[in-house]
Amino acid sequence: MSISIRNKIKNAYMVKNYSHIWPYVRPYWFRALIAVLITIPVGSMDAVIAWSLKPFMDTVMLQSEDFNMSTAWIPLLIIGFSFTQSMLNYCATYLNTWVGNRIAIDLKQTLFHKLMTYHAAFFDKRNSGEIAFRFNNDVDAACSGLLSNVKLFTTRLFASISLIAVLFWNSWQLAIVAVTILFIALFPLTKVRKKIKEIMDKTVSTGGFIVTHYNETFSGNRTISSYNLHDYQGEKFDNTLKTLFKLSMKMTRKTGMLSPMMHFIVSLGIALVIWLGTYLIVNQQITPGNFVSFLAALIMLYQPVKTMGNNFTAIQMSLLAMERVFSLLDDVPAIKDKEGAVPLDCVNSTIEYKDVVFEYEQGRPVLKGVSLKINVGQTVALVGNSGGGKTTMANILPRFYDIKGGSITIDGTDIRDVTLKSLRNNIAVVFQDNFLFSGTMRENILLGKHDATEKELTQAVEAACLSEFVASLPLGLDTVIGERGVLLSGGQKQRVAIARAFLKNAPIVVLDEATSALDNKSEAVVQAAIDNLMKDKTVIVIAHRLSTIRNADKIAVVNHGEIVETGTHDELIRKRGSVYSSLYNAQVN
């Protein structure tokens with residue numbers, strides 16, 4: 001690729017980045033502008049200090065009679081300028097931090113709301129640590145790093161311009177040498193970005209695994225203890241840390257020589273200036289005051305350059321983090337409302353799967369032309385061997401995933417033609433392992449209907465067979481249940497989820513093996529709650545224990561992605577050689 005084409009692509013990408021960030025900067029543009037404007041005098045005052053040394057040093061070196069109180073103002077001027085510079089520097093830092101934090105908060109809000117729009121497959125392919133890094137840590141790295149470095153850049157820019165002016169004012173010959181050395185020292189910075197991008201991407205990925213290790217240790221602490229996995233988990237964590245260490249050292253090898261190299265180059269520049277300056281003084285082309293002023297300005301100009309390699313690397317890391325943030329903002333969720341989608345107000349007649357094809361991975365179909373019709377008010381059970389596609393049939397109805405072929409219709413309308421929000425408002429799902437949020441039992445049940453009255457809440461608790469348990473708690477529904485409901489038993493968690501679904505009062509209920517993980521006593525209580533939930537609803541039951549679905553209006557046997565049998569319990573039992581009768585007899589016997 002030619003240099004001109006690469007430059008065009010780069011410029012186009014920079015314009016795109018600016019267009020992305022501007023909406024987040026715009027509400028705070030005035031403070032951001034003030035922060036930048038403040039850096040002008042902060043940087044320029046370095047030049048005033050260097051410039052003031054000429055008249056002062058000429059008077060001292062020549063032991064002039066003019067060295068009296070009229071000259072003593074110069075040290076006082078330096079003190080005054082330094083104090084003013086320090087205060088302005090504080091103001092610039094405060095404003096940059098304020099603006100940076102506000103932009104970071106706004107970005108995190110946008111990204112978090114976008115995160116909730118992603119479909120299940122997005123989360124299937126990523127770990128929790130990667131999500132935390134991409135949607136949280138990258139924002140902090142981009143905003144805090146970039147804003148602080150913008151301040152650093154603008155301060156040094158104006159300082160450099162004013163200091164270079166002082167250099168030329170004192171001696172144009174020395175200034176040409178000094179500026180040439182400066183550009184030679186800055187040249188290696190042009191190669192930094194390409195070196196660190198690949199390493200940074202790997203570092204982010206590995207850093208995500210660190211967060212995942214902590215999350216898994218927190219959530220799986222009992223499994224770790226019961227299986228004595230402390231050494232195993234510790235070794236996995238140690239290996240991740242070793243990988244991070246190797247990446248860190250690789251980054252140092254790639255970029256660590258920048259600052260030492262630049263330090264050496266500018267030191268050569270200072271040595272050359274001292275040698276040439278001595279020659280010019282001896283030949284009376286400049287005064288000692290010119291030389292001291294020039295040398296002070298040169299050191300002020302060169303000093304930041306010595307460490308600029310590290311700062312420039314940090315800036316590039318911030319820019320790369322911002323690229324990752326913008327890639328998330330550009331990403332379009334795979335499952336979303338299509339243009340012209342209409343709301344689904346109610347379910348009047350049928351739910352129908354028509355030749356449905358679905359695959360999680362390309363070329364490996366899970367459902368192979370499945371067709372099933374469910375009438376309103378019916379209870380339909382999906383049974384079959386593990387991995388046959390039962391749960392998948394339930395997951396594609398509320399569009400957790402989108403199908404690859406065929407259609408799913410409600411009252412004759414394809415579910416892809418209705419809004420996601422209205423579709424999911426009409427479906428209540430009770431999973432085998434229901435997720436409960438940290439907080440109280442009341443808060444978790446009210447997720448089904450935020451504005452429910454106390455009467456509606458009480459009815460939901462009673463229907464879920466929770467009343468007796470709630471009454472036994474000192475704080476009742478306001479009892480804190482811990483993260484993921486860890487303080488509740490399996491049956492209690494299921495009943496809280498059922499109460500939540502009951503309060504939602506959706507016309508379609510999906511029960512995904514809601515009792516399979518419970519003991520007989522808990523199952524009996526939960527089954528009673530489920531029976532209450534199913535009243536006057538269209539129900540899809542995924543059943544592991546076939547004894548729980550004997551009264552279903554229709555049973556569909558799903559094996560290897562196909563529906564191989566349909567009928568009632570009695571019909572399928574009487575059918576000679578039926579798959580269902582084999583499954584049922586295996587459980588009963």
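When a residue number appears, it is its place in the shown sequence, counting from 1.
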*Hey, does Leu423 have a side-chain heavy atom less than 4.5 Å from the side chain of Ile410?*
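In short, these two side chains touch, coming nearer than 4.5 Å.
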*Is there a side-chain contact between Ile34 and Phe30, using heavy atoms and a 4.5 Å cut-off?*
yes
_Apply side chain to side chain contact (heavy atoms under 4.5 Å, CB included) to residues Met249 and Lys246 and explain how you reach the verdict._
CA-CA 5 Å; Met249 296 313 299; Lys246 290 178 181 177; 5.9 Å; no
Straight-line distance of [X] [atom1] to [Y] [atom2], nearest 0.5 Å:
X	Y	atom1	atom2	result
Tyr90	Thr93	OH	OG1	9.0 Å
Asn426	Asn505	CG	CG	10.5 Å
Glu359	Glu361	CD	CD	9.5 Å
Leu328	Leu111	CG	CG	6.0 Å
Lys504	Asn425	NZ	CG	6.0 Å
Ile38	Leu95	CD1	CG	5.0 Å

*Between Arg442 and Glu454, is the closest basic N to carboxylate O distance under 4.0 Å?*
yes
*Pairs in or reaching into residues 331-342: which pass salt bridge (Lys or Arg N to Asp or Glu O under 4.0 Å), with residues at least two apart or in two chains?*
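Those involving residues 331-342 are Lys338-Asp417.
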*asked:* Show every salt bridge (Lys or Arg N to Asp or Glu O under 4.0 Å) that has at least one partner inside residues 79-97, sequence neighbours left out.
replied: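 For residues 79-97: none.
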*May I ask you to check whether over 12 heavy atoms, not counting those of Arg416, lie within 6.0 Å of atom CZ?*
yes
Residues which pass side-chain contact (heavy atoms from CB on, under 4.5 Å) with [X], listed by chain and number, not counting sequence neighbours:
X	result
Thr240	Thr206, Phe209, Ile210, His213
Asn395	Tyr360, Thr391, Phe400, Tyr401
Arg126	Phe122, Glu130, Ile131
Gln459	Lys455

With sequence neighbours left out, write down each residue that passes side chain to side chain donor-acceptor pair (under 3.5 Å) with [X], or none if nothing qualifies.
X	answer
Asn101	none
Thr419	Ser422
Thr243	none
Lys114	none

*Could I get the full list of ring-ring contact (aromatic ring centres under 6.0 Å, His included) partners for Trp98, not counting sequence neighbours?*
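Applying ring-ring contact (aromatic ring centres under 6.0 Å, His included) to Trp98 gives Tyr28.
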_Could you work out, with ring-ring contact (aromatic ring centres under 6.0 Å, His included) as the rule, every residue matching Phe123, not counting sequence neighbours?_
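Phe123: no ring-ring contact (aromatic ring centres under 6.0 Å, His included) contacts found.
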*Kindly indicate, with the supporting measurements, whether the criterion side chain to side chain contact (heavy atoms under 4.5 Å, CB included) is fulfilled by Val510 and Phe431.*
CA-CA 8 Å; Val510 177; Phe431 300 96; over 6 Å; no
*For Arg424 and Arg399, which heavy atoms make the closest approach, and how far apart are they?*
NH2-O, 2.7 Å
*How close do Ile335 and Asp402 get, heavy atom to heavy atom, and via which atoms?*
CD1-N, 3.5 Å
*What do the steps show when you test Glu443 against Ser438 for side chain to side chain contact (heavy atoms under 4.5 Å, CB included), and what is the final call?*
CA-CA 9 Å; Glu443 290 169 342; Ser438 59; over 6 Å; no
